[in-house]
Amino acid sequence: MKAIKAKPFFRGVRLRGRKELSENMSAERPDLAGCEIAIPMKQHVGAPAQPIVSAGERVLRGQPIAVGTGTVCAAVHASVTGTVTAVEERADGRGGRCMFVVIAPDGTDDEAFYPSLEQRDPASILQRIRDCGIVGMGGAGFPSHIKLSPPVPVDTLIVNGAECEPYLTCDDVLMRENRDAIVRGAGYMATALGAQRILIGIERNKPRAAALFEESGLPVILLKKQYPMGSEKHLIYCCTGRKVAPGKLPADVGAVVQNVATALAVCEAVERGKPLIERVVTLSGDGITTPKNLLCPIGAPLSALANACGGIKETAVKMVAGGPMTGTALTGTNAVVTKTTSGFLFMTADETNTQPPTNCINCGRCADVCPMHLMPMQTEFYVNAKEYDKAETYGGVLACIECGACSYICPARRPLAQAIKTAKEQLRRKA
Amino acid sequence: MNPIVSPAPHIRSRRTTKHIMLDVLIALLPAAVAGIVFFGWEAAVIIAVSMLSAALTEFVWYTIQHKFWRDKGVFAAFFRQFDFTSLVTGLLLALCLPADAAAWYMPLLGSMFAVAVVKMLFGGTGKNIVNPAIAGRVFLFISFMTLMTSYPEARFAPVMSYADDALTAGATQLGNFLQGNATLSALDLFLGTGVAGCIGETCKLALLVGYLYLCARGVIKWYLPLLYIGTTGLFAVALEGFDFAAFLPSVLSGGLILGAVFMATDYVTTPKSRLGNLVYFIALGLLTAGLRKAAGIEVVSFCILLMNFTVFLIDLLIKARPFGYRRQRRAKQRKEAEQ
C-alpha cells in the first residue's frame, strides 16, 4: 500500500538528525560476560514494583522477580538466568535512588517464558500484556495494559515510528529488522482495544523502514521531519487530523498511540510468552568510538555497553540516557538499561553547547517553535518572580509536553523548559 | 570523566543573541553605505561618532557597574559578554540623523543617552522599555529642533540634475508632500536620488536589500514590516479621500521604511505573541498615517516610541491558546447548552 504523506503540525523545530552515526548498524547482542545485571524496580510511570525474590535464589530468564502493586504499575522479570546476589537500594545513575534486584548470570540460557497464548481475545491479550510487564517503550513508560483499556471506545491505533529525537536509531533498526512481528503485535493491540484501524507513522528520514512497511499492507503515514513529531498529540493530529484538547487523553478523540518497540514486545509476549526483558538501545554521540545499536537485556550496565562500542572517548563531557532533547543527564556509568531507555548518548563539549544564559531579548522564538502554542518566555519571567499562577495564566504551563524545543532554540540560552517544569511542580503541589 | 549534569535539552541551537545582532548590523550595512555615497564624508563621520560613542558608553557603564577597581577581570568580561546591541543602536541612531558633520556632538549625545539612560539604566540588553535608537532620536529632536529638521539633500544624483529647482535643502520630500507640493517621482524616491532626508532613510533600495537579508536569515518575520508599511499607505490613502496617488509617496518618503524594517521590529519592544504583533503593527500603521496627516511632519519615530509603551498591555491582554484549545471551548459551550 502506498504511503500517505501527512501534513505537518504548526510550529515545532527542525533539528540536525545526526542519525547517520548509527543508522546502518544492525542490532547486535553485546558481550556481557562477567558483569552483574541490576534490574531497577521502577522503570515505569506509577508505583515501584515489589520484589518477590531474595538474595541467593536462582532465577530463570523470563521469570517474574517483582509484581505490580496498585493500579498503575508493571511487573518486572529476570532478564538473565543466574543467582540473585542482592535486593537493595542503589543510586540509579540518573540522580536518584531506587530498589534493584541484582543478578549474577551463570552463563546458561534456561528460560521460563509463558506458554504461547492460544485464546487471542481482548481480555486474554490484555492479561498477557499485564503479566509480561509491558510498558510504553518510547520513553514515558506508561503501563501498556492500562493504555490499551481506555474508558471510552477507540477506533484508531497509531503505531509510533516517528523517532523524532536526534541521534536515536533504535526504532528505525527495529522496524527494518522485525517488520512482520511489529505488524502482528499492532494487530494484537488493535484487537485488545477494539480498534478498526491501524496506522503507522514514520518520519521521512527513515525511507527504508517506510518502504518495508508499505509492502506489509499496513497504511503508512509519511511524516515530515519535524520535532516533536513523536509526541502523542502531534502524531494523532498529523495522522488523523484530530486535536487532543489540553487536559484530555488521546482516547477522547478515539485514538491510542503505541511505540513500535511496544508493538514488537506485545507480539513476542502473545506468540512466544516472552516478557519484556530486552530492548534495542542506541549508543551514539561524538564521544563514543563506534556508535552502535545493541540488543540489551534490561539491567545491563552502561559501562559494559560502552566497552562493547569501543569505549568512551576522552572528549566526552556529558552522558545522557534517552534522546538529547528529553533525556536525563547521567551522573556516572553505573546507570543501567531500563524498559524505557532508547539510547545512551556520549556528547562532546561542542555538541552540548553549554553557554551561560544571557538576558531574554524577547525575540519570541520559543513561542514560535512551541508545538503546544505556549509562551515559554512569559512562564520563565513569572517563574523567576515565583508567581506560578501568573505563569500559568500568561505562559501556559499545564499543557506543556516538555519537549524542550523552547530551550533548544533560545538565542539567550535561557533554561525555559526547566522553568516550565518548575512551575508545573509548584502548581501541582498547590493543587 | 566527571560528567556535566544539566536538565534537558542537551543540544542547543548555535544561534545566540550575538549572531542575531551581527545579522542586524550586516543588514544595516547597505543603508549605511548608501548614506555615505549620497551624503559624502559627513555621513561617515556621523555614523562613526555614533557607533563609537554607543559602544564606549556601554563599556564605561559596564566597568563601573562591575567595579573595575576591585577586579581587573571586568574588562575581559565585558568583551566576552558584548553582544553588538549598542553598535546596532549607534548605527540606527546615526542613520536617522541629518548628515551634518558640523553637528558631530548630536550623535555623541544621542548615543550616550540611548545606551546609558534608555538601555543600561533599565538593566542592559533586553530590559529596555523603549527602543534606544528611537528614544535617542526623539531626545535629539526635542533638544535640537532646528538642526534635526534641516536636511542636506542627497548629492549623488545620476538621474536628477542639480539645477532642478525642486531640490531645496531644509525640507524633506515628505514635508513637501504633506504640504501638498510633491515634486519627486516615485522612482527617485525609491532610489533616493536627490531626496533630502536622514542618512539612512533616503535610499529605499538599500533598505530593501537589508529587509530581504533579515527575512532570509530569519531575524524578523517578513510580514510585520509589510503590515506596518501597507497599513500606513492605505490609511493615508483613505485620509486623502481614497486618492490612490497618495499611496506611493507616503510609503516611500520619510523614515517609514527604515522605521518599519529596523526599528519597529526590534524584539525587545514588540509584543511577544504573533497575534499581539499583528495588532501592534496595524495600530502603528494607523497611528503613523493619522499623525502624519494631523501634524504635517515626519512622526514615525514618535509613533514607534508611543506604541512601545503599549507593548506590556498587549502582552497582558493577548494570552496564549494551547494546541487544541478551540475544541475544549466548543465542548464547554456544548456542555453549558445541555445544562
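First the proteins, then the strands, lettered A, B, ... as listed; each starts at 1. What you are looking at is a predicted structure, and each value in this text was computed from that prediction instead of being measured.
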Item checked: Region of B:Lys319 in contact with chain A, defined by heavy-atom distances below 4.5 Å -> side chain

Check: Ring centroid separation for A:Tyr388 and A:Tyr382, is it under 6.0 angstrom?
Finding: no

Notebook entry, point to check: Checking B:Lys18 against chain A: side chain, backbone, both or neither under 4.5 Å from a heavy atom?
Noted result: neither

Margin query: Counting only non-hydrogen atoms closer than 4.5 Å, does A:Gln355 touch chain B with its backbone (N, CA, C, O), its side chain (CB onward), both, or neither?
Written below: side chain

Note to self: Heavy-atom cut-off 4.5 Å, strictly under: side chain, backbone, both or neither for A:Asp350 against chain B?
What the structure shows: both

Notebook entry, point to check: For A:Thr326, is it the side chain, the backbone, both, or neither that has a heavy atom closer than 4.5 Å to a heavy atom of chain B?
Noted result: backbone

Margin query: Please classify the contact between A:Thr393 and chain B as side chain, backbone, both or neither, with a heavy-atom cut-off of under 4.5 Å.
Written below: both

Margin query: Which one wins on heavy-atom pair count under 4.5 Å against chain A: B:Thr125, B:Thr265, B:Thr269?
Written below: B:Thr125

Note to self: Among B:Lys221, B:Arg274, B:Lys127, which residue has the highest count of heavy-atom pairs closer than 4.5 Å to chain A?
What the structure shows: B:Arg274

Next item on the list: Taking the six-membered ring for Trp and the full ring for Phe, Tyr or His, determine whether the centres of B:Tyr211 and B:Tyr213 are under 6.0 Å apart.
Entry: no

Note to self: Which atoms of A:Phe9 are under 4.5 Å from chain B, going by heavy atoms: the side chain, the backbone, both sets, or neither?
What the structure shows: neither

Check: Of the backbone (N, CA, C, O) and the side chain (C-beta and beyond), which part of A:Glu351 lies under 4.5 Å from a heavy atom of chain B, both, or neither?
Finding: backbone

Checklist line | Residue B:Arg14 versus chain A: region with a heavy atom under 4.5 Å | finding: both

Notebook entry, point to check: Using non-hydrogen atoms only, which part of A:Pro356 is less than 4.5 Å away from chain B: side chain, backbone, both, or neither?
Noted result: neither

Item checked: Parallel, tilted or perpendicular, as decided by the 30° and 60° cut-offs, for the rings of B:Phe59 and B:Phe78 -> perpendicular

Notebook entry, point to check: Checking heavy atoms, do the side chain of A:Met347, its backbone, both or neither come under 4.5 Å from chain B?
Noted result: side chain

Check: Would you call the rings of B:Phe75 and B:Phe68 parallel, tilted or perpendicular if under 30° counts as parallel and over 60° as perpendicular?
Finding: tilted

Checklist line | Proximal component of A:Cys360, with respect to chain B [non-hydrogen, under 4.5 Å] | finding: backbone

Item checked: Structural part of A:Leu398 lying under 4.5 Å from a heavy atom of chain B -> neither

Checklist line | Contacting moiety of A:Ala417, where chain B heavy atoms sit under 4.5 Å | finding: side chain

Item checked: Which portion of B:Ile4 sits near chain A, non-hydrogen atoms under 4.5 angstrom -> both

